[in-house]
Structure formats: C-alpha cells, structure tokens
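Presented below is the structure to which this report refers.
Keep in mind that the numbers below use all heavy atoms, side chains included, and drop hydrogens, waters and symmetry copies.
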Amino acid sequence: MSGTKAYIVRDKDIMGGAPVIVGTRIPAERLVALLEFGYTEEKIKEQFPHVDLKKIRGAVSELAASGLNSY
C-alpha cells in the first residue's frame, strides 16, 4: 500500500495494484469518472452507500491534489 496517501492506495493483491479508495475495491479512476460527469461527493456516496463520506471526501481531495489523472 502507499505510505503517503491515506485515502487512495495501491496494493498488488487488490484490483491488480490499481489505485483504489482505501478499504474498498473502488478504483480511483471510477471516482475520477464520476467527478468528470459532475457527481458531487454526496452523489458518489449514494452510489457507494457502504463507503463513509469522510473517506470519499479524502479520496477526492487526494485526487485533486495529484491532478486527478496522475494515479
């Protein structure tokens, strides 16, 4: 797993090492796609009700800080 990111992680045993929201199998690229389609964090939460809103917000923040597509 990534040592510096708290909400977006990579693990070779999860989704083949693709970046995902920590504790889930939700790919970061899916989150990016939803944001590009205009989804709000609350709307994303509706799509993934099992994921805490704090985790979604943290993942969005990390993606924005990295330029969204650099994962």
Side-chain angles (χ1 to χ4, degrees):
M1 284 200 259
S2 171
T4 59
K5 303 293 183 196
Y7 297 100
I8 300 290
V9 297
R10 289 177 185 260
D11 183 323
K12 65 179 177 62
D13 296 324
I14 301 171
M15 302 292 288
V20 298
I21 298 174
V22 69
T24 75
R25 296 177 60 82
I26 301 169
E29 69 180 25
R30 176 73 176 138
L31 195 54
V32 169
L34 292 173
L35 292 167
E36 288 175 346
F37 279 117
Y39 278 59
T40 63
E41 293 165 344
E42 291 77 14
K43 193 77 167 166
I44 293 170
K45 169 73 173 140
E46 290 175 18
Q47 295 291 309
F48 304 105
H50 61 285
V51 181
D52 183 284
L53 188 56
K54 177 182 176 185
K55 197 177 281 188
I56 291 170
R57 287 182 173 147
V60 168
S61 178
E62 286 181 8
L63 288 167
S66 72
L68 290 178
N69 290 319
S70 65
Y71 274 90

Open item on the list: R30: which residues meet the salt bridge (charged side-chain N to carboxylate O under 4.0 Å, His left out) condition with it, sequence neighbours left out?
Closed with: none
Open item on the list: How close do A6 and E62 get, counting heavy atoms only, and between which atoms?
Closed with: N-OE2, 2.9 Å
Open item on the list: Nearest 0.5 Å, please: how far is CG in L53 from CD in E46?
Closed with: 10.5 Å
Task: Main-chain N/O of I56 paired with E41 side-chain donor or acceptor, under 3.5 Å - done: no
Open item on the list: Assess the residue pair E42 and K45 against the criterion (salt bridge (charged side-chain N to carboxylate O under 4.0 Å, His left out)); give the C-alpha distance rounded to whole Å, side-chain angles, the decisive distance to 0.1 Å, and a yes or no.
Closed with: CA-CA 5 Å; E42 291 77 14; K45 169 73 173 140; over 6 Å; no
Task: Side chains of V22 and I8 in contact at under 4.5 Å (non-hydrogen atoms) - done: no
Open item on the list: Give me the atom names and distance for the closest heavy-atom approach of R25 to V20.
Closed with: C-CG1, 4.2 Å
TODO: Report yes if some heavy atom in the side chain of I14 is under 4.5 Å from a heavy atom in the side chain of T24; otherwise report no.
DONE: no
Task: Nearest atoms (heavy-atom pairs only) where G23 meets K55 - done: CA-NZ, 4.3 Å
Open item on the list: In the structure I gave you, are the side-chain heavy atoms of L31 and Y7 within less than 4.5 Å of one another anywhere?
Closed with: no
